[in-house]
Amino acid sequence: MAAARALQLSLLRLLLLPPLLLALLPSPAGALWPQPQAQSFPPGGGRCPVLARRFRFAVADGSAVGPGCAVLDAAFQRYWPLLFGRTTENEPSWETPCTKLLVYVSTPGCDGFPSLDSSESCNLGDSGDLQYLLLMAICPTSCSHLPCVFCAQYYINETEIVDFPRFPHRGLLLDTSRHYLPLKAILETLDVMAYNKFNVFHWHIVDDPSFPYESSTFPELSRQGAFNAMTHVYTASDVRSVIEYARLRGIRVIAEFDTPGHTLSWGPGAPGLLTPCYIGKAPSGVYGPINPIVNSTYQFVTSFFQEVSTVFPDFFLHLGGDEVDFTCWQSNPEIRAFMAETGLGEDYKKLESFYIQRLLDIVSSLGKGYIVWQEVFDNDVKLRPDTIIHVWKENNLQYLNEMANVTRAGYRALLSAPWYLNRISYGQDWIEAYNVEPLNFEGSPEQKALVIGGEACMWGEYVDVTNLTPRLWPRGGAVAERLWSNETVKDVQDAYARLAEFRCTLLGRGVQAQPLYVGYCDHEFGGV
Ligand SMILES: *[C@@H]1O[C@H](CO)[C@@H](O)[C@H](O)[C@H]1NC(C)=O
Ligand SMILES: *[C@@H]1O[C@H](CO)[C@@H](O)[C@H](O)[C@H]1NC(C)=O
Ligand SMILES: *[C@@H]1O[C@H](CO)[C@@H](O)[C@H](O)[C@H]1NC(C)=O
Ligand SMILES: *[C@@H]1O[C@H](CO)[C@@H](O)[C@H](O)[C@H]1NC(C)=O
């Protein structure tokens, strides 16, 4: 899988430019986004003319995987039209190819899933180090019957690129509970994630407002909990499509089933699961978080997560654990009695911990790792040492203290607090996201090494399929570059030029990405 991932990264790196446009590019580096770790134009380096019809991707000799590798073949098929457009005059011909882009893959495996440990390094045009991947454009030296130089549509400048991500976990959260996002919108977002080198799709699939996940073990959950059980659900086949589509793009799918709070939509399909809230001595008819004091809860949770852990192949599940509202628990006399009996007293954080610890044990026993929101750490729940803590609380720069605290305790950390892209403001708010430095907290090098990355979040209160794409892109790109590129890449002017150009590229690929500021693209959305 490392191979496929790196391939996806690298094909984009080709400096494939229509010759007439060269002079117009605002950025001398060729407007790459995110900025590669190292890119140079060797002195005296040539230019390689390219005729789209006679350009091929091919597997280099000695590559660990060859033709027939689904991940590789799919990448070749995707990138040809991305590079040359879909016009028929460009269609690959059966004539002998003149320009080949040779792909060398050193890691076998076309059928596996990407993981946190997948290598994503690559070298382009650097023959010195074949450790992971070598992509090399072979210029047409022997196609003498083709007047290459004069009919070339494009040129590739000879370029050396060495690239690898700064952080291994670069995620995007989509919320499909507050609004249902059609399958097609999710798949299209995965495409744009890949262009931005995001490699984790954090699927916040259910929450209070709706339960669109169709469970095979508990089909009543979506029947009763989805906005519409026929149309606003993700079937088993939809979920498989998302996972496979993501896999072919080197993207992991991490599902979040947030408990014990944020579960109101689970209630109708799982009687007895939620805590009945009381007014005085009588149940009020309203329900609160999952009821942590009855055994049936844990039987349910065990069966449910058994299913989820086989449906989602990634090692990690996101277990939520945020924003548990204690008022309902406090109102319930049985819960108060349980707390008195078990010595928890009035400390509802301890009751939350009681639930979460059992949940974590259940999920561990299913062979899965877990990510939790920061409250689980803040509330001193006993955690496995390999737990990942997801930092989301904004209040000014407190999140940096939280990052320090989490890593001081020896846990790995993911940052989202400054990257809630659902929040918008007038002006260029991408800059604020761009200027974030995730390691800018007091701590030892060992602590900094525990920061595995971050996630941009698109919560769904005010977002559905009508505004998802423009709100996400290119603003999400700011987070993508921060997580991919060297920490020294932070010149906002240079970033503006490259991001504006990248956004034009997205329009060319049919992505309705909103503008950064005043300007134009050669090819506007909808075709100019
Ligand atoms: C490609 O090389 C030509 C000169 O050979 C140069 O003028 C041009 O700026 C280069 N393009 C990029 C994107 O670096
Ligand atoms: C719940 O489970 C615990 C431990 O398995 C057991 O001791 C207890 O009797 C059970 N309670 C009920 C009401 O079944
Ligand atoms: C970090 O830990 C310190 C010391 O325990 C505590 O005072 C502080 O409130 C914590 N910071 C955050 C953001 O939780
Ligand atoms: C990041 O860039 C700096 C300055 O160019 C360089 O010293 C450092 O080695 C780079 N970091 C990595 C991981 O390549």
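Just so you know, ligand 1 is whichever comes first in the structure, and atom 1 is the first atom listed for that ligand. If you're wondering where the values come from, they're calculated on a predicted model, not measured in any experiment.
On a distance-only criterion, Glu402 and ligand 3 share at least one N/O pair closer than 3.5 Å. Residue-to-ligand polar distances place Asn405 within reach of ligand 3: an N/O pair is separated by less than 3.5 Å.
For the residue pair Glu375 / Trp373, no side-chain donor-acceptor distance below 3.5 Å is found, with atom types taken as modelled. For the 3.5 Å distance criterion, the side chains of Asp191 and Tyr245 qualify, holding a donor opposite an acceptor. Side-chain contact of His390 with Gln374: a donor-acceptor pair under 3.5 Å is absent, judged by distance alone. In this model, no donor atom of one side chain and acceptor atom of the other lie less than 3.5 Å apart for Gln330 and Tyr348.
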Give me the pairs of N or O atoms, one from ligand 4 and one from the protein, that sit under 3.5 Å apart.
unit_1	atom_1	unit_2	atom_2	d
ligand 4	2 (O)	Asn486	OD1	3.2
ligand 4	2 (O)	Asn486	ND2	2.3
ligand 4	11 (N)	Asn486	ND2	2.9

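Applying the side-chain contact (heavy atoms from CB on, under 4.5 Å) criterion to Asp347, with sequence neighbours excluded, gives Lys349, Lys350.
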Please walk me through it: do Leu351 and Ile293 pass side-chain contact (heavy atoms from CB on, under 4.5 Å)?
CA-CA 9 Å; Leu351 182 62; Ile293 67 166; 4.2 Å; yes
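Geometric assessment of Arg252 against the ring of Phe201 yields a negative cation-pi assignment under the 6.0 Å and 45° thresholds.
The distance from ligand 3 to the heavy atoms of Gln398 drops below 4.0 Å at these ligand atoms: 13 (C).
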